[in-house]
Undergrad: 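Here it is: the structure, laid out below.
Order of appearance sets the numbers: ligands from 1, and atoms from 1 within every ligand.
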Amino acid sequence: MSDENTKQKVEELDWSNLGFKYRNLPYSYHEEFKDGKWQNGGLTTESTLTVSEAAEDLHYGQEVFEGLKAYRRKDGGINLFRPDMNAKRLANSAKRLLMEPYPEDKFVEAVKAVVKANQEFVPPYGTGGSLYIRPFMIGTQPVVGVAPSEEYQFHIYATPVGAYIKGLNPMPYVVSDYDRAAYGGTGQAKTAGNYASSLLPSILAKKAGFADCLYLDPREHKYVDEFGGANFYGITKDGQFVTPKSNSILPSITKKSLLEIAEQLGLNPKETQIEADQLDELSEAGAMGTAAVISPVGSLTYKGKKHVFFSETKAGPVTKKLYEALVEIQLGDRPAPKGWVQEVDVTQVK
Ligand SMILES: *Cc1c(COP(=O)(O)O)cnc(C)c1O
């Protein structure tokens, strides 16, 4: 199956208006697991996957994925932000779903190969854009009864994206009555099923005029858990960075990084239970994830009452500081803690 005609042409892109949508780039990465081992994978121009009608993932949801970005530096080079953490998390997600983990060192090399092959699609420095990279893995064995697949496809595509939400604009959120993941369920795995279950609550929130919804812990509906695709943080009135401790949230790499930055900024960061009834104790709040880095929470509506944090229109001072620190590290404008930034070798063009 050829999709030559639908490939994105670089000269047709408007770098400052990319939005967040799929574009079919020249190169992807593909590798298959069968007969008990990963076969030799590599770059491919094929962007369509072929699976059996009885493939495991289509019926029983054996799918895990990752999301990371490549950033253009001021000097024209290209940075990846902690891709080793994505490698580890994909392997952990795979283990939870009883899938064959993809080797972590090969993961990082595969990501670099995709970025290098599509390097002209990494948006210029200063546009706010980046190359979004989506590695994923599916169970492909034909099955009728429920059993883990013994065959897998690992695939990576990349697509240029704009700043998810331009600038640090606070958004209104609402606490959902629904859960995205069960207590003891798959909340800590980055898997399609968690997203499928978040579609309805998210659409209901949007129809009611909110940017998205926030989930509470699924066992007691008492503590803040996270958003559908981003972790939650708050800044207490006395300046402490707090973020939920829960076994049903996805361990965000942005969160992990901001915890370390908060430590350096003297914010005494803590992972702890945050009671939804105690929002008054927070002077700022935000959503953390690769897509937007930080999206400030302007207000949170809970039990019919709207709680405003710093301001509904302006990001708070601590949020701004955290955001600037992390973005500058990702772009190479500020020294990064050891191992956080990996350069993509773009010297030899293919
Ligand atoms: C991917 C994801 C996040 C954000 O993780 P990052 O590593 O920071 O991008 C947060 N919550 C959920 C549910 C996610 O799937």
Undergrad: How far is atom 14 (C) of ligand 1 from the closest protein heavy atom, and which atom is that?
TA: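 Looking at atom 14 (C) of ligand 1, the protein heavy atom closest to it is Lys190 NZ, 3.0 Å.
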Undergrad: Please check if the distance between the ring centroids of Phe20 and Tyr132 is under 6.0 Å.
TA: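 Here the rings of Tyr132 and Phe20 have centres that are less than 6.0 Å from each other.
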Undergrad: Indicate whether any N or O donor in one side chain lies under 3.5 Å from an N or O acceptor in the other, for Gln62 and Tyr60.
TA: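 Looking only at side-chain atoms, Tyr60 and Gln62 do not form any donor-acceptor pair under 3.5 Å.
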Undergrad: Does any N/O atom on Gly67 come nearer than 3.5 Å to any N/O atom on ligand 1?
TA: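 No; every N/O pair is 3.5 Å or more apart.
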Undergrad: Checking the side chain of Tyr125 only, and the main-chain atoms of Tyr71 only, is there a donor and an acceptor separated by less than 3.5 Å?
TA: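 Between the backbone of Tyr71 and the side chain of Tyr125 there is no qualifying donor-acceptor contact (under 3.5 Å).
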Undergrad: Which atoms of ligand 1 sit under 4.0 Å from any heavy atom of Arg180?
TA: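 Heavy-atom distances to Arg180 below 4.0 Å select 13 (C).
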Undergrad: How far is atom 15 (O) of ligand 1 from its nearest protein heavy atom, and which residue and atom is that?
TA: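 Ranked first by proximity to atom 15 (O) of ligand 1 is Tyr195 OH, 2.5 Å.
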Undergrad: Write out the residue and atom name of the closest protein heavy atom to atom 9 (O) of ligand 1, then the distance separating them to 0.1 Å.
TA: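 The answer is Thr290 OG1, 2.6 Å.
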Undergrad: Given Leu279 and Phe309, is the side chain to side chain contact (heavy atoms under 4.5 Å, CB included) satisfied, shown in steps?
TA: CA-CA 8 Å; Leu279 295 173; Phe309 293 95; 4.3 Å; yes
Undergrad: Answer with yes or no whether the side chains of Gln342 and Lys112 bring together a donor and an acceptor at under 3.5 Å.
TA: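 Result is yes, a qualifying pair exists.
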Undergrad: Which of the atoms in ligand 1, numbered in the order shown and given with their element, are less than 4.0 Å from a heavy-atom of Asn231?
TA: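 Once the distances to Asn231 are compared, the set is 10 (C), 11 (N).
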Undergrad: Does a donor on one side chain and an acceptor on the other come within less than 3.5 Å for Ser246 and Asp225?
TA: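 Their side chains do contain a donor-acceptor pair, which is all the 3.5 Å distance test asks for.
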Undergrad: Which option, Leu250, Thr254, Ile249, owns the non-hydrogen atom nearest atom 12 (C) of ligand 1?
TA: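 Among Leu250, Thr254, Ile249, the closest heavy atom to atom 12 (C) of ligand 1 comes from Leu250.
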Undergrad: Between the side chains of Thr254 and Asn231, does any donor sit under 3.5 Å from an acceptor?
TA: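 Per modelled atom types, Thr254 and Asn231 side chains form no pair under 3.5 Å.
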Undergrad: Identify the protein heavy atom lying closest to atom 3 (C) of ligand 1, giving its residue, its atom name and the separation to 0.1 Å.
TA: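 Going by distance alone, atom 3 (C) of ligand 1 is nearest to Gly229 O, 3.4 Å.
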Undergrad: Of all the atoms in ligand 1, which lie at a distance below 4.0 Å from a heavy atom belonging to Glu226?
TA: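 Counting atoms of ligand 1 from 1, those under 4.0 Å from Glu226 are 10 (C), 11 (N), 12 (C), 13 (C).
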Undergrad: Show which atoms of ligand 1 fall inside a sub-4.0 Å distance from at least one heavy-atom site of Arg89.
TA: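 Heavy-atom distances to Arg89 below 4.0 Å select 5 (O), 6 (P), 7 (O).
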Undergrad: Report yes if the distance between the aromatic ring centroids of Phe65 and Tyr195 is under 6.0 Å, otherwise no.
TA: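 Yes: the rings meet the under 6.0 Å criterion.
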Undergrad: Within the structure, does Lys255 bring an N/O atom to less than 3.5 angstrom of an N/O atom in ligand 1?
TA: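 No, since none of the N or O atoms of Lys255 sits under 3.5 Å from an N or O of ligand 1.
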Undergrad: Compute the minimum heavy-atom distance from Gly228 to ligand 1 and say whether it is under 4.0 Å.
TA: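 True for this residue.
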Undergrad: Would you kindly specify which portion of Ser252 sits under 4.0 Å from ligand 1, judged on non-hydrogen atoms: side chain, backbone, both or neither?
TA: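 Answer for Ser252: both.
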Undergrad: Does any N or O in the side chain of Ser283 come within less than 3.5 Å of the main-chain N or O of Ile235, such that one atom is a donor and the other an acceptor?
TA: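 Judged by distance alone, yes, a pair lies under 3.5 Å.
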